Amino acid sequence: MFRDKFWWSLVFTVPTLIWGELLQQWIGYTAPVFPGSDYVSAVFGTLVFLYGGWVFLQGAIREIRDRLPGMMTLISLAISVAFVYSAAVSLGWRGMPLWWELATLVTIMLLGHWIEMRSISQAQGALKELAKLLPDTAVRITDGETEEVRVSELRAGDLVLVRPGAGIPADGVVRDGKSAVNESMITGESKPVDKRPGDDVVAGTVNGSGSLRVEVTGTGDDTALAGIMRLVEEAQTSRSRAQALADRAAFWLTWVAIGAGAVTLVAWLLLGDSEAFAVERLVTVLVIACPHALGLAIPLVIAISTTLGARNGLLVRDRRGLEEARNLDAVVFDKTGTLTLGEFGVVTLVTADDLSDDEALRIAASVEADSEHTIAQGIVQAARERGIEVRPAESFEAIPGHGVVATVEGRKFRMGGPALLRKLDLTLPTGLDSAARESEGRGQTTVYLLEDGDVRAVFGLADRVREESREAVDRLHELGIEVVMLTGDAEPVARAVAEDLGIDTVFAEVLPEQKAEKIRSLQAEGKQVAMIGDGVNDAPALVTADVGVAIGAGTDVAVEAGDIVLVRSDPRDVPRIVTLSRASYRKMIQNLWWAAGYNVVAIPLAAGVLAPIGILLHPAIGAVLMSLSTVIVALNAQLLRRTRLDGG
């Protein structure tokens, strides 16, 4: 709309300029004369006012109706005063009309608004980009036959075929096939994620080279993509403390401008200057003082920061949470599933002298392969991660409370904990005994591999620490933030993880209902605290903290507790939140200083305080300066896009 109005107003402005008296005097030419040529500027100036200026008049009516006079009110006052005065002069009032000033003023204002709308549209483009991720059609499988249907026709329970390279049309569960899926557009994770039967997939992600058959679990508004879009939209439209400050400043600036304009008009008339000159000064003051830049300073930063966060897997539910993150003194992590993987893994392995680590792990994994126990699966997974072949075992038998027994390559092995050793009345060799004691001292679960009554290896298993956690803790320390761990685990387990990661403070053996109390104790010390948790049993603590950060676990973005949702379960995203918060705040403050400070100089110049030494601002020049101020604010906000959230 602003683009179209600008171009048409520009066309109407050209004849207004050509037949304008002042421009003819400046350049020294004579415009073509014909019957009615004296009214060309008035006719086209009126067209510009009614066509191009109408949008400002409508905005002013809304502002006055809401009792919040602002930018539109000032612009409307300026162009209305210029129009009424010029019309009166054209109809016989003594003075010089301001038709060309009025036309150029409206045209330049339309250009400024067009540039502003484009900036806001680009900043909010994340929603459009997300919406484009969904394919228009899907291949549905019914009774073994395939048919192409619109995505809107899919229902929960439908089976769809996702061919290589195709977009996944709905949330679902893989029922057949293997592939790697690119989920970067949802989680920000660039590495494709392997998908096998039983794995969840998300609408809008892109299938790799394999073929998948997916059972639909969510469509339309029930998909993770729709949830992300809702959060982004809510965050971009949510108000912030800085926005409230800018709104108050704009409100008072409006009244200051009106007052300054009135004083300017009366002062020049009392000094004996012409009415045309006094009206011109009034119009210039009203135009140049428009709180346009103030109105744009904060919303544009909000839109860009929210988009930047979403592209990096940070979904902002509450803008104030993101703003508070810049002041954090302490970050509290829940341990299980946040700093750790939430699954058992082999963290230590000590073997008898004649047995290598890989051989011990191969035998142990083969013995445990048929067991469903989490410890057994941790051993099997450790072998697979090392690329060790897990061979089939024979005569597998579970011994309740003691472990398992199985035959591998004709040799009989047992796997079990301390209870198995007591049952068989076995003692550990010196080397293995010290390893077992050290493992138990660190809170690890100790498991033994036995053959023919001899202990062949000692495995220490624990909830494995995420590799990303070390980098996250180090980065938070670089940002000057204390790192705290909160867990229900025993003290030795918690201390071991804390020492491994370099965590400053540990609260162990904490019940879920006690977590909020620990947050309050830190706040009582005068600290600004963030809580990082899974949003389920951590909900009270998330709400109590100054900033609540909920782990979205990839697809669950509907986490009600917490101000920010991490789409991927990556603790490194926590320092990224702080970096984004600090960068956003810097841009807001820079924009507010520029938008408000510019008026301190501009209003006196517009009023004509330097007129005695020959320095005057024309209304059109005032419009250019005001628009330029707005453009500078917009460009400064756009620089936020260059922020490296990883601190690089």
Side-chain angles (χ1 to χ4, degrees), residues 314 321-342 347 438 441-444 462-535 537-551 562-564 566 569-582 645-648:
L314 315 175
L322 180 59
E323 289 182 20
E324 292 293 336
R326 68 186 175 85
N327 295 319
L328 289 177
D329 300 301
V331 168
V332 181
F333 284 98
D334 175 54
K335 181 183 79 69
T336 306
T338 304
L339 292 174
T340 64
L341 294 171
V347 292
E438 183 178 344
R442 294 177 62 86
Q444 299 170 3
D463 188 1
R464 292 187 296 168
V465 172
R466 294 179 183 274
E467 287 301 319
E468 306 89 349
S469 297
R470 295 181 177 84
E471 187 177 337
V473 173
D474 290 343
R475 180 78 183 110
L476 286 169
H477 284 155
E478 291 173 8
L479 294 170
I481 297 173
E482 177 187 358
V483 182
V484 181
M485 187 173 72
L486 197 61
T487 179
D489 283 351
E491 187 79 24
V493 177
R495 289 291 175 193
V497 173
E499 290 173 9
D500 188 17
L501 296 177
I503 290 174
D504 305 297
T505 306
V506 178
F507 295 123
E509 301 178 17
V510 179
L511 298 175
E513 59 270 22
Q514 296 174 331
K515 290 184 177 180
E517 183 183 327
K518 294 297 183 182
I519 298 296
R520 282 191 288 269
S521 69
L522 290 170
Q523 292 171 327
E525 298 174 12
K527 297 176 180 177
Q528 194 89 353
V529 182
M531 172 66 192
I532 322 298
D534 61 14
N537 62 351
D538 297 319
L542 289 170
V543 174
T544 303
D546 298 288
V547 180
V549 181
I551 300 293
D563 306 307
I564 301 169
L566 304 185
S569 300
D570 189 341
R572 292 177 298 182
D573 285 337
V574 177
R576 290 178 182 132
I577 292 171
V578 179
T579 301
L580 178 61
S581 175
R582 293 179 179 179
L645 299 188
D646 58 4

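Note that the structure is a prediction, hence the values are computed from the model and not measured.
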### Task
Quick one: list whatever passes side-chain contact (heavy atoms from CB on, under 4.5 Å) with V465, sequence neighbours left out.
T340, S469, R470, V497, D500, L501

### Message
For the OG1 atom of T579 and the CG atom of L479, what is their distance to the nearest 0.5 Å?
### Response
5.0 Å

### Message
Take a 6.0 Å sphere around CD of Q523 and say whether it holds more than 12 heavy atoms from other residues, nucleotides or ligands.
### Response
yes

### Message
Take a 6.0 Å sphere around CD of E517 and say whether it holds more than 12 heavy atoms from other residues, nucleotides or ligands.
### Response
no

### Message
Within the 4.5 Å heavy-atom criterion, are M531 and D334 side-chain neighbours or not?
### Response
yes

### Query
When rounded to the nearest 0.5 angstrom, what is the spacing between CG in L486 and CG in L339?
10.5 Å

### Query
Can you find a heavy atom in the side chain of R326 that is under 4.5 Å from one in the side chain of V578?
no

### Message
Keeping S581 on the side-chain end and L322 on the backbone end, is there a donor-acceptor pair under 3.5 Å?
### Response
yes

### Message
Within the structure provided, determine whether V483 and F333 are in side-chain contact (heavy-atom separation under 4.5 Å).
### Response
yes

### Query
Is there side-chain contact between F507 and V484, with at least one heavy-atom pair below 4.5 Å?
yes

### Message
Holding to side-chain contact (heavy atoms from CB on, under 4.5 Å), I want the full list of residues that pass it with E468, two or more places apart in sequence or in another chain.
### Response
R466, D570, P571, R572

### Message
As an exercise, state the distance from OG1 of T505 to CG of L522, rounded to the nearest 0.5 Å.
### Response
7.5 Å

### Task
Among residues two or more places apart or on two chains, list those pairs meeting salt bridge (Lys or Arg N to Asp or Glu O under 4.0 Å) that have a residue in residues 476-487.
R475-E478, E482-K527

### Query
Rounded to the nearest 0.5 Å, how far does CD1 of I577 lie from CD1 of I532?
6.0 Å

### Message
Ignoring hydrogens, what is the shortest heavy-atom contact between V547 and A325? Give both atom names and the distance.
### Response
CG2-N, 3.9 Å

#### Entry: Whether S521 side chain and K518 backbone form a donor-acceptor pair below 3.5 Å
yes

#### Entry: Between CD on residue E323 and CZ on residue R582, distance to nearest 0.5 Å
14.5 Å

### Non-hydrogen side-chain atoms of R576 and L580 separated by less than 4.5 Å
no

### Summary
Interatomic distance, CG@L566 vs CD1@I564, rounded to 0.5 Å, equals 7.5 Å

### Task
Decide side-chain contact (heavy atoms from CB on, under 4.5 Å) for H477 and V473; before the verdict, give the C-alpha distance in whole Å, the side-chain angles of both, and the deciding distance to 0.1 Å.
CA-CA 6 Å; H477 284 155; V473 173; 3.5 Å; yes

### Query
Minimum heavy-atom separation for V506 to A498, with atom names?
CG2-CB, 3.2 Å

### Query
Is there a side-chain contact between V549 and L314 (heavy atoms, below 4.5 Å)?
no

### Message
Check whether D329 reaches the backbone of Q528 with its side chain - one donor and one acceptor, N or O, closer than 3.5 Å.
### Response
yes

